[in-house]
Amino acid sequence: MVQAINMGEKMGRRKKVNKNKFLSRIFLLVVIVIIILILFSNIFKKKNKDEFDLRIIIDNQDITESLVSDIYIDKDGVLYMSMEDVKNIFDNDLYFEENTKKIITTSETKVAAIDTRSDKMEINSAVIMLSTGVIDYGTTYYIPVSEMTKIYNIEVITTEKSAIINSLYKELTTVKTTKKVSLKEKGGFFGGTIQKLEQDKEVIFIENSEKKGWIKVLTYEGKIGYIKEKNTSEKNQKRVDMNNEHFTDKEPDINNSIELTKKTLTNENLRDFTERKKVIEDIIAKMLSKEKYTVYLNIEKTDVDSDFLDRFIIELIPRIKEIGGSIARNWRKYVKSKNGF
């Protein structure tokens, strides 16, 4: 009887052990299936993300999906963007002047007029010939952004599949791979591989990843992803963040200024870019010759068309900044432009 009870206990223990082994195997199988699903989901996610023919990265941010129109890179590597996208990204005051057929754009210290009928561009007081001009697409103009680097203070790097644009006033740090590595969609083992990077491959450092031991980088082919920091060289800071320190910010001095009144500014001499440029050139010449670095806009009561006046002020501001000058004014309404005055 005792022997029968012992045999029953042993059989029970064996069943329990077998059940535990079975559950362990089921758990291991579930883990393997989950890993496979994660890997496959990363692969498919990567394929969907690469559906765009061309990608554009600006200051380490992929903005391809936010563009109004597709970008275009010609056989010589020149990047073209639609006028609407250039306006949205680089210059909110960008303007097409119908009567002169010029695209007028400004930056901190530059005013440029791009002739849509030729390969000519005016920058401040200079005239230059572009290696390639504006493309008229019928519904919009495509601007050669690669030719606009001096205006917007940017660098443009293009490949067959991507364009990278970096501000020359923002920090640029690079690292090199010390061995062949995988560029991952996210930091960690389970991140899908975007591409393989060879040893001594230079990439742009973006930031440290939340995943310890990984860094976020940008390749010159326009791929953004993560690599192990231990497989990279020391950071090489090629450019520091200038924080607008390159601009002079003088206080207006009305007692030592060039005064502009409603007699100086008229609809006739502000009606288009060519006429406005003549007025601005004359103002700059007077400021330099008389060593007066303030322009005093004393035009509270004027009959000048507000659109003409707005454009004049937008185009005047960068030229004044270029020589380290400032503007004083006495009228309530003024142009709220990115140029800050």
Side-chain angles (χ1 to χ4, degrees), residues 56-72 79-116 121-124 134-137 139-156 163-170 241-244 246-249 270-273 276-277 280 295 297 304-322 325-327 329 331-341:
I56 182 165
I57 314 295
I58 297 182
D59 288 332
N60 301 332
Q61 297 293 321
D62 189 332
I63 65 159
T64 310
E65 296 177 41
S66 64
L67 295 177
V68 174
S69 306
D70 292 335
I71 63 172
Y72 167 62
L79 168 66
Y80 285 84
M81 296 178 67
S82 71
M83 191 171 72
E84 291 79 12
D85 285 317
V86 174
K87 181 181 177 72
N88 291 338
I89 296 167
F90 298 108
D91 176 19
N92 190 52
D93 294 320
L94 184 142
Y95 170 72
F96 176 69
E97 195 167 67
E98 183 64 41
N99 60 326
T100 61
K101 302 298 181 185
K102 292 178 179 178
I103 297 171
I104 304 163
T105 184
T106 59
S107 63
E108 291 284 355
T109 60
K110 299 287 193 304
V111 179
I114 314 161
D115 194 330
T116 60
M121 178 168 67
E122 300 170 62
I123 303 181
N124 290 3
V134 172
I135 297 176
D136 185 353
Y137 247 33
T139 55
T140 186
Y141 288 106
Y142 265 69
I143 298 173
V145 177
S146 298
E147 299 274 10
M148 312 296 286
T149 54
K150 290 182 179 179
I151 299 168
Y152 298 135
N153 296 301
I154 56 175
E155 63 178 359
V156 179
I164 298 173
I165 299 177
N166 291 318
S167 168
L168 294 176
Y169 296 138
K170 291 189 177 180
D241 193 336
M242 296 181 69
N243 292 318
N244 289 332
H246 48 287
F247 297 124
T248 304
D249 187 17
L270 300 184
R271 71 179 186 274
D272 61 36
F273 175 78
R276 291 191 299 271
K277 184 178 178 181
I280 293 171
V295 172
L297 291 164
V304 176
D305 184 284
S306 61
D307 289 338
F308 291 168
L309 185 58
D310 286 355
R311 284 310 311 177
F312 169 72
I313 297 168
I314 288 170
E315 293 162 21
L316 174 65
I317 288 170
R319 301 299 308 277
I320 300 300
K321 277 194 171 184
E322 182 190 25
S326 57
I327 295 179
R329 52 197 178 292
W331 80 102
R332 293 178 182 177
K333 175 187 178 299
Y334 80 100
V335 179
K336 291 183 178 178
S337 86
K338 65 182 181 311
N339 292 306
F341 283 102

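Computed over heavy atoms, backbone and side chain alike; hydrogens, waters and symmetry mates excluded.
Take Tyr137 and apply the side-chain contact (heavy atoms from CB on, under 4.5 Å) test, not counting sequence neighbours, and it matches Ile135, Thr140, Tyr142. Here Ser146 pairs with nothing under the side-chain hydrogen bond (donor to acceptor under 3.5 Å, both in side chains) rule; sequence neighbours left out. Glu97 meets the side-chain hydrogen bond (donor to acceptor under 3.5 Å, both in side chains) test with Thr100, Arg276; sequence neighbours excluded. For Asp59, the salt bridge (Lys or Arg N to Asp or Glu O under 4.0 Å) partners at least two apart in sequence or on another chain are Lys170. For the side-chain hydrogen bond (donor to acceptor under 3.5 Å, both in side chains) test, residues two or more places apart in sequence or in another chain that qualify with Lys277 are Glu122. Residues meeting the ring-ring contact (aromatic ring centres under 6.0 Å, His included) test with Tyr95, sequence neighbours left out: none. In this structure Phe308 satisfies the ring-ring contact (aromatic ring centres under 6.0 Å, His included) test with no other residue, sequence neighbours excluded. Residues that satisfy the side-chain hydrogen bond (donor to acceptor under 3.5 Å, both in side chains) test with Asn60, not counting sequence neighbours, are absent from this structure. Residues that satisfy the ring-ring contact (aromatic ring centres under 6.0 Å, His included) test with Tyr72, not counting sequence neighbours, are Tyr80. Residues satisfying the side-chain contact (heavy atoms from CB on, under 4.5 Å) criterion with Ile58, sequence neighbours excluded, are Ile56, Ile63, Ile89, Phe90, Ile165. With sequence neighbours excluded, no residue satisfies salt bridge (Lys or Arg N to Asp or Glu O under 4.0 Å) with Glu84. Scored by the ring-ring contact (aromatic ring centres under 6.0 Å, His included) test, Phe273 finds no partners at all (sequence neighbours excluded).
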